[in-house]
Amino acid sequence: MLARDGRICARGEFPLQDWLVPVLYQQDAVILPAINLTDERPKRDEEITLPEEACLLGDYGFIGRERAVQALERARLQQAQVAFLVYGMAGVGKTTLAKGFLHWLHDTNGLGVGAFWFSFDAIRSAEYVVNELVDALFGTNARAAPLEQKLASLVKALRQQAYILVWDNFESASGIPGTEVTPLLIEEDRNLLKNLLKQLRGGKTKILITSRSPENWLTHTECYRLPLSGLQGEELWEYCNAVVRDLGLKIKRDDKDFIALINELDGHPLAIRAILLRLTDYKATDLLIEMKKQFSGQEGDESTHRILAALGVFDQCLPDVFVPILQLIGLHEQYVDKRHIEAMLKKSNPKTLNNLDNCFNILNIAGLLHHISKERLYLMHPILNSFLKNKYIASSELIDTFVIVMGDFGHQLFSNNHTIDNNFIFNCFSKNLLNAINFAEEKSELQRYFYLIGHGLAWYFSENYELNSSYNLFKRLIKHHIDKNEIKPASFAYHAIGNTAFMQNDYIQAKNYYLKSLELDQQCNDQEHQILNFYALGNVELRNNNWCDSENYYQRALNIAKDISDQHITGMALHQLGMLEEDKDNYQKAMEFYEEAYTALSIHDS
């Protein structure tokens with residue numbers, strides 16, 4: 001405050017020495033009223049950590065939005081709806097507002113018992129949201145419970161305890177017709193979330209939703225809507241000052257051209273940032289003319305016209321040598337790793353490598369990329385992907401390079417040297433890996449990567465109980481292998497999708513897939529994989545209480561396992577047979593099976 005004496009008010013900016021603090025002295029001691037402290041008081045928010053996604057507020061912090069914060073707090077305290085929806089155009093600051101609101105709640109001891117953050121531009125199933133909450137509230141083992149049971153327990157816990165949930169970028173759930181935003185959730189999943197909002201109405205938990213759309217598929221009893229416009233008044237000029245301060249410039253509030261330029265940007269933070277960065281090279285009047293020219297040429301979703309026009313002006317300062325880099329970034333979604341772009345350029349355009357750091361730095365300064373780790377990982381602003389896809393269309397050669405680099409990365413990621421539970425890495429790159437799969441599926445020379453990445457990603461989805469995503473990807477893999485008459489890979493895919501159906505408690509479908517896998521195993525005389533299918537079929541019949549069929553399948557698995565000296569499956573099958581005998585009250589026979597199982601497993605472990 002001493003170093004920068006400029007203070008913004010309604011009449012402009014004035015130098016003030018408001019760092020001088022008057023002090024009032026009182027001679028007598030002040031007697032404070034007694035406060036009854038009990039053990040039942042809520043724990044303070046110093047003990048409650050913010051979600052990792054909400055910790056960083058951006059380069060300029062959380063500026064202004066006092067009215068929006070007050071509106072959110074009134075909605076949280078007064079509205080019966082569990083959800084309050086903040087909606088507005090892309091880049092207007094919805095995510096920043098959600099982060100700032102969580103920080104404000106944390107500072108004012110209003111976070112309740114905890115907060116969770118969900119970015120829906122990376123979520124492909126509603127069950128993922130359920131599982132993440134179940135994992136945090138009840139433990140990882142609870143994920144394996146049936147979905148209905150998990151939902152019932154979750155609703156009860158969320159109604160009784162005061163949590164804050166953030167559903168960010170929620171437009172990705174249902175999509176926005178006429179735009180590049182397509183729905184990531186099927187209708188069944190959207191209905192699950194809709195019913196969850198109904199069941200949580202009137203409870204203690206609240207859900208803050210951010211979206212580019214008013215989400216009209218949700219009724220007014222399910223969410224309370226709060227439109228968000230651009231920055232206004234003093235908060236607008238405070239933000240402008242923060243942007244130009246880093247450029248070594250100073251805003252002239254009496255410059256009519258500058259004021260007209262700011263008015264044209266309509267208080268849009270990202271647009272302001274992109275445009276003001278060009279003040280070092282251009283006059284405000286020139287930028288205003290170019291801004292109007294770009295705006296008049298925009299088509300499509302009206303809510304994105306202004307930001308795309310601003311990006312069009314910003315784009316003109318980018319040199320041509322950035323083009324291959326921007327084309328490769330445009331193939332990514334949500335996250336981009338500079339090391340991956342570097343590897344792609346080495347294969348396709350090594351002369352551009354010297355410009356890589358400069359390009360990323362400019363995009364980072366403009367707020368279109370956000371550096372989030374020492375590992376050169378960057379978070380992409382949602383509008384950046386839309387802009388680059390339209391402006392910088394990648395060539396076939398660059399797409400091939402993208403598939404190869406992401407394929408090699410995926411293969412390394414899914415190898416035995418990496419743990420499958422590294423959720424952060426997979427959450428960052430799953431969309432990019434899916435993009436690589438889609439490109440590889442279309443080209444015969446790249447279909448090796450479709451298989452390579454597809455199986456690993458489908459297994460990851462299955463391991464993390466994203467069962468619909470796993471199911472759909474395995475179905476694509478099965479079609480791919482059947483079309484190419486690849487028997488063994490098709491059998492593996494059938495068995496894997498059978499496991500997914502089994503985890504969904506769809507035992508009829510699971511049995512059908514295991515039988516198809518078994519049929520292919522018998523065609524190619526793959527005894528090792530036949531064992532797995534017979535054992536899996538035994539598990540299915542056990543769940544269906546068909547003990548005779550279950551015993552038959554376990555016995556067939558046991559016979560082949562003994563023939564090929566597979567001690568692990570031998571021990572597992574013997575243990576299951578022992579359980580069946582125990583259920584029949586044949587305790588002596590059960591003990592014999594258990595003892596044999598123990599011996600076989602001991603040999604396997606030795």
Side-chain angles (χ1 to χ4, degrees), residues 141-149 458-459 462-463 465 467 470-471 474-475 478 487-606:
N141 292 336
R143 282 176 174 245
L147 179 59
E148 294 76 12
Q149 182 180 339
W459 272 110
S462 182
E463 289 287 323
Y465 291 87
L467 301 181
S470 172
Y471 192 82
F474 274 128
K475 287 181 73 174
I478 288 170
I487 304 301
K488 281 194 175 184
S491 174
F492 295 159
Y494 269 124
H495 183 86
I497 199 172
N499 290 341
T500 301
F502 185 85
M503 294 169 70
Q504 291 176 312
N505 301 318
D506 188 351
Y507 302 125
I508 296 176
Q509 197 67 271
K511 181 177 180 179
N512 290 336
Y513 285 127
Y514 290 142
L515 288 173
K516 288 180 180 179
S517 177
L518 181 61
E519 181 182 349
L520 296 177
D521 290 340
Q522 291 169 343
Q523 286 182 27
C524 59
N525 195 30
D526 187 346
Q527 289 189 307
E528 291 184 1
H529 206 250
Q530 285 184 50
I531 299 173
L532 297 179
N533 279 312
F534 280 128
Y535 186 83
L537 287 165
N539 289 339
V540 168
E541 298 300 352
L542 184 63
R543 290 291 181 93
N544 288 329
N545 294 321
N546 297 330
W547 290 359
C548 291
D549 290 341
S550 178
E551 182 178 3
N552 178 49
Y553 284 127
Y554 286 139
Q555 190 63 57
R556 295 176 73 175
L558 177 62
N559 293 341
I560 301 176
K562 285 183 175 180
D563 288 343
I564 64 174
S565 301
D566 186 330
Q567 298 297 333
H568 181 252
I569 294 295
T570 296
M572 296 293 291
L574 285 167
H575 181 270
Q576 295 298 93
L577 289 169
M579 288 179 58
L580 290 172
E581 293 299 331
E582 187 176 352
D583 287 338
K584 299 176 187 176
D585 296 334
N586 294 335
Y587 300 116
Q588 182 63 35
K589 187 66 175 177
M591 282 299 299
E592 292 174 5
F593 279 128
Y594 288 146
E595 288 172 359
E596 285 188 68
Y598 178 79
T599 301
L601 292 173
S602 298
I603 294 172
H604 174 266
D605 294 336
S606 63

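This chain uses plain numbering: 1 for the first residue, then up along the sequence. Quick note: numbers below take in every heavy atom, side chains included, and nothing from hydrogens, waters or symmetry partners.
Paired with Tyr535 under the rule side chain to side chain contact (heavy atoms under 4.5 Å, CB included), one option of Asn533, Leu537, Asn539 passes, and it is Asn539.
Asn499 meets the side-chain hydrogen bond (donor to acceptor under 3.5 Å, both in side chains) test with Tyr514; sequence neighbours excluded. For the side-chain hydrogen bond (donor to acceptor under 3.5 Å, both in side chains) test, residues two or more places apart in sequence or in another chain that qualify with Tyr587 are Asp585. For Gln527, the side-chain hydrogen bond (donor to acceptor under 3.5 Å, both in side chains) test picks out no residue, with sequence neighbours left out.
By the 4.5 Å heavy-atom criterion applied to side chains, Tyr471 and Gln509 are counted as neighbours. With a 4.5 Å cut-off on side-chain heavy atoms, Ile564 and Ile531 count as touching. Counting only heavy atoms from C-beta outward, the side chains of Leu542 and Leu580 approach each other to under 4.5 Å.
By the neighbour-count criterion of 12 heavy atoms within 6.0 Å, atom NZ of Lys488 is sparsely surrounded, having that number or fewer from other residues, nucleotides or ligands. Counting heavy atoms of neighbouring residues, nucleotides and ligands inside a 6.0 Å radius, atom CD of Glu528 does not exceed 12 of them. No more than 12 heavy atoms of other residues, nucleotides or ligands lie within 6.0 Å of CG in Asn141, so this atom counts as exposed by the packing criterion.
Within the 6.0 Å centre-distance limit, the rings of His575 and Tyr594 are counted as a close aromatic pair.
A salt bridge does not link Glu519 to Lys516: none of the charged side-chain nitrogens sits closer than 4.0 Å to a carboxylate oxygen.
Inspection of the Asn559 and Gln555 side chains reveals an N or O donor paired with an N or O acceptor under 3.5 Å.
In this structure, His568 and His604 have tilted ring planes: the angle between them lies in the 30° to 60° band.
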